[in-house]
Each structure stands twice: as structure tokens, then as C-alpha cells.
Amino acid sequence: RGPESVQQNSGVLRPAHEHALVAGLYGTRDQFRRAFRIAIAETGGAPRESLSDTASLANARASVLSELQALAPVSRSADGTAQLGPYYGFIGAPADKADPRHAPLYITTAERIAACPWEAFLGRLMRIEPIPDACAELPSADPRIIGALVHDFLQQLAAEALSRAGADTEIDDLATLARQTPVRISWPASREELERVLLDLAERKANEQGIRSPGFSRVLAARALGHLAVARRTSSTPDAAGSTGVVGTEVNGIVRTQSSGREVRFRADRVDASEDHTLVLIDYKTGKATADQKSEAARRESLRKRMSQGGSLQAGAYAIAAEQASDKAGIGEYLYISPVTPDHARSETVRSDDTDLIESFERSIATVFDVIDRGSFFPRLVDAATGSEPRRCSSCEVKEACIRGDSGLRHRLERWLEEAPAVSGAGVALVNMWKIGMNDS
């Protein structure tokens, strides 16, 4: 209802909560406070005699309105320092033992925090689930399901090879794996046998997803065949270290960062070893390669830039952990097995003795830890490089709990960042995390 309709119906008695609503939309903050206090008492939300309680609640609601006002100015503390409000992710430092930030940090969570601290806070730390889509489509061969199926097949293949050789498939200690004898992986002897094993895994995967559509598992298996054909061809050629075989599969590990000594955890799809006991920790990628330039130098530069921006950190963690476990230069590898990826771009590696890449990893991890410690989980409303909303926002699973889409609130963040040199405390962590989005040097 606009102001005109309010005037036209000024002689009509309305409940107090309607007056509070109109005052909140079109009135002053004082008008809203008075109307809101009456509305609370009218609805039985608080006893009439508890005037201090209703006043506090009204003041709190007025503060919320001011905070969400599209063109509200950047607020300032007593010393003149620019401040952002609580809707920008400032949750404070951990103060309670139950705070989920005390749990071990996994490398995938670190990457999520770098991409958008607010999304990671809601999804990874608070475990908020996306709102169910009432108009969800029928089951489809989602790339994530295909990727999980391919991972399951390759993991089973490696585990069977290790078991046949009498190796312990439950070893998670990289130092122990470095002393193991590498085992060559044997693929099914015939296409029929491969398809039988794959279909069995596809049926299990469909059941895990709660999909009972007849023939759906066959669709999954058919979509996965192309990836497996690439993986089989790739396994017949030496990897980055001239690996002679696999020593572990689905291995959990811990890397101690060189800058602070703090630990980050990870899970590697496969661990290979060469004759000189160099460890290669591999992460299967079933999507298209991020960098597919012909030039190896160009692909490496793309990887370095992504790592400096807080992405592709897994390979760095793998490489450092491999070296810490074996006292030899370790290797972390992304192995792209999508049929659409050109062969020259299938392997993307990080060596622990590659100073530029490791320094990029260390800087990004240090920035992530600072965000966690200071409690600065801001929503990345703007792409630091382009000045527009990040593409990932449109597909974010918790976007309903974000202030995205409000140009006023986005501009407030931009105005605050213009005064970044004057910030302190949690603001420092925000600025540093913001800047890694622009890192290209």
C-alpha cells in the first residue's frame, strides 16, 4: 500500500501492526518505533507494563531497517573508522568450544571460503541446506552423479589391484605409503566385464540418490564410459613423476602450512609412487580442464593465478604433504578425464619445490585462516576483478540467506572498500580476502 492509499483511508481504523508496517515502509524511524511498540502490546507479544522490553525490541527492529536501507551511509565507530553492519558476515572470533571453527579445516572448505566466505559459512560451517525446489525436474544424469560414479569405479579398480598384491588398502599415513611397493592397475579384460562392473556401481549410485526410475542406472553407466575410456588410456602413460604404480586409494592426509604450522586436511583420490619413492597425490577431475592452452607455460600461469586467488589449492596441499611425508619433492596432480578435454591439458601438477606455486598456496591459506580467526565471513557481492556480481551467485544453494541482489547494499560494500586503509580488526581480514580476488602477480 502506497502513501496515497494511506491518506485516502486515514479515517479507517486499522490494527497497530498495519500502522507499524506502513511506518516502516514510508515513515520515520521514530514513527516506526512508536507504532511497533503498540503493535507488540496489541498482539500479546509482550506485557504492556514491560515498556523497556518493547522499547528495546522496537529499537532493534529500527536498527535492522536502517541497516537494510538501500542508500544508508557507511557507519563509523567513535574514532571515525568505517564500519559495516552484521549483515556483512562479521560474526566475531570463536568464543565457545562448540564453535564449528574449532573443527579441522579441510582444503575444499578453504577453497569455498576463498570463493565466498558467507556461502562457506552457511553451507560448510552452519550446515544450512538448500531450500527444496517444489518444481524440481525429473532425475537427470547430473555431472556430479557421473563424477561420483567414475570416482567409485576408479577407486574400486585401484583397491582391487592393491588387494591382489597383498597391500593394506586402509593405510592413511603418507609416510607409510611412501615405503610401499607400487602396484600396477589392471583393467577388466573385456568391454563386457567393464560394463557389468560399471552398471552394478551405477545401480548402487542411483539407489544412494533415491532414484528408482527404470533404466536410469544404464543412463549413468553409458555417460561414464567416455570418462573411463580416457582414464584407461591415461593410465598407460607415465605421470608427472614417471610413476610405476599405485600405493593407496581414497587416502586422508594432513598438511602443515609452512607459514604458520597450522594443519589443513584433505582426501586424495589416489596416491602413486615412483621407483625413487616420490609420491604423487592425484585428484580425479571429471569436468573440463580449467586451462587448456597449448602452451605448458600458459597453463602453469593459469594455475598460479587461480592459486593466488584461493582456488585450486588441493594440488598445493598434496605436494607439500607428500614432501613432508617422504622428505622428497612431492607432487600434487589434477587428472582431467573428461572426453572433451584435449590430451595436452589432462594433467595439471604442482611440485613442492615450485616456489611460485607454493608461495601462492601459502598466502591464500593464511588469508583463509585470518577470515576464520577474526570471523569475517563477508558475502562476495562483487567480483573484485570485474566489478559485477560473481557468476557463482546465480547458482548458490544458500542465496536466499544472502543480501545479494540489493544494489544499495552492494554499493555500501564498495564504498567501504574505498576506505579500506582505515579499517581494523575483522575488517582487515575482509580486505585481505577481497584482494586475493584481484591477485594476478
Side-chain angles (χ1 to χ4, degrees), residues 106-109 112 123-124 127 129-130 132-133 136-172 177 183-235 245-253 265-272 281-288 314 333-341 395 397:
Y106 279 83
I107 194 66
T108 51
T109 299
R112 293 269 296 266
R124 288 296 178 97
R127 301 292 182 181
E129 296 183 356
D133 184 359
E137 299 178 354
L138 293 173
S140 62
D142 186 284
R144 289 174 295 183
I145 301 178
I146 300 300
L149 175 58
V150 172
H151 277 71
D152 287 353
F153 183 93
L154 295 175
Q155 188 275 334
Q156 179 171 301
L157 209 62
E160 289 175 350
L162 291 168
S163 295
R164 284 194 298 269
D168 185 351
T169 60
E170 302 299 322
I171 297 176
D172 266 344
L177 290 176
V183 176
R184 299 300 298 179
I185 294 177
S186 298
W187 283 73
S190 65
R191 180 183 176 89
E192 290 74 18
E193 182 183 355
L194 186 151
E195 291 178 348
R196 178 185 58 77
V197 174
L198 181 59
L199 182 58
D200 180 61
L201 290 173
E203 290 174 350
R204 293 186 211 171
K205 186 60 62 181
N207 288 334
E208 290 174 7
Q209 299 294 320
I211 301 174
R212 301 291 187 270
S213 301
F216 185 75
S217 57
R218 293 187 177 278
V219 174
L220 294 180
R223 288 288 303 277
L225 277 173
H227 293 79
L228 294 178
V230 173
R232 184 171 193 167
R233 187 174 72 249
T234 303
S235 67
V246 61
V247 292
T249 181
E250 296 297 315
V251 176
N252 295 301
R265 301 194 179 193
F266 60 81
R267 188 178 183 87
D269 292 330
R270 196 177 86 207
V271 178
D272 285 4
L281 276 62
I282 299 172
D283 183 48
Y284 299 126
K285 295 292 187 183
T286 53
K288 184 179 178 181
Q314 273 182 293
E333 179 179 13
Y334 294 125
L335 186 59
Y336 294 92
I337 54 177
S338 168
V340 300
T341 295
S395 58
E397 293 186 336

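Proximity of I145 to L149: side-chain heavy atoms (C-beta onward) are nowhere separated by under 4.5 Å. Looking at heavy atoms from C-beta onward, E160 lies out of side-chain contact with S186 at the 4.5 angstrom threshold. Side-chain contact between V247 and V183 is absent, with no heavy-atom pair separated by less than 4.5 Å. L157 is listed as a side-chain neighbour of P188, based on a closest heavy-atom distance under 4.5 Å. A heavy-atom distance below 4.5 Å is not found between the side chains of T249 and Q156. Taking 4.5 Å as the limit, some side-chain heavy atom of R191 sits within range of a side-chain heavy atom of L225. Inter-residue side-chain proximity for I185 and R270 is flagged as met; some heavy-atom pair is nearer than 4.5 Å. Between T169 and S163, the closest side-chain pair of non-hydrogen atoms falls below 4.5 Å.
The OH atom of Y334 sits 6.5 Å away from the CG atom of D283 when rounded to the nearest 0.5 Å. Atom NE2 in H151 sits 13.5 Å away from atom CG in L201 (nearest 0.5 Å). From L228, atom CG reaches atom CD1 of I337 across 6.5 Å, with rounding to the nearest 0.5 Å. Note that CZ of F266 is 12.0 Å distant from OG1 of T108, once rounded to the nearest 0.5 Å. N252 contributes atom CG, which lies 4.5 Å from atom CZ of R267 (distance to the nearest 0.5 angstrom).
The number of heavy atoms from other shown groups lying within 6.0 Å of CZ (R218) does not exceed 12.
Nearest approach of S217 to A202, heavy atoms of both residues: O-CB, 3.3 Å. Among all heavy-atom pairs drawn from L198 and A221, the shortest one is CD2-O, 3.3 Å. Across all non-hydrogen atoms, the minimal contact from A206 to F216 is CB-CD2, 4.1 Å. Smallest separation of non-hydrogen atoms from R223 and I146: CB-CD1, 3.5 Å.
Legend: residues meeting salt bridge (charged side-chain N to carboxylate O under 4.0 Å, His left out) with E208, ordered by chain and number and at least two apart, are K205.
When I282, D269, L281 are each tested for a side-chain contact (heavy atoms from CB on, under 4.5 Å) with E333, only one passes: I282.
A donor-acceptor contact shorter than 3.5 Å is absent between the side chain of D172 and the backbone of V251. No donor-acceptor pair under 3.5 Å is formed between the side chain of H227 and the backbone N or O of S338. At distances below 3.5 Å, at least one donor-acceptor pair connects side-chain atoms of S190 with backbone N or O atoms of E193. A donor-acceptor contact shorter than 3.5 Å is absent between the side chain of Y284 and the backbone of L154.
Remark: the T109 side chain and the R124 side chain contain an N/O donor-acceptor pair separated by less than 3.5 Å.
Relative ring orientation between W187 and F153 is described as tilted, the plane-to-plane angle lying within the 30° to 60° band.
The existence of a salt bridge linking D200 and R204 is confirmed by a sub-4.0 Å separation between a basic side-chain nitrogen and an acidic carboxylate oxygen.
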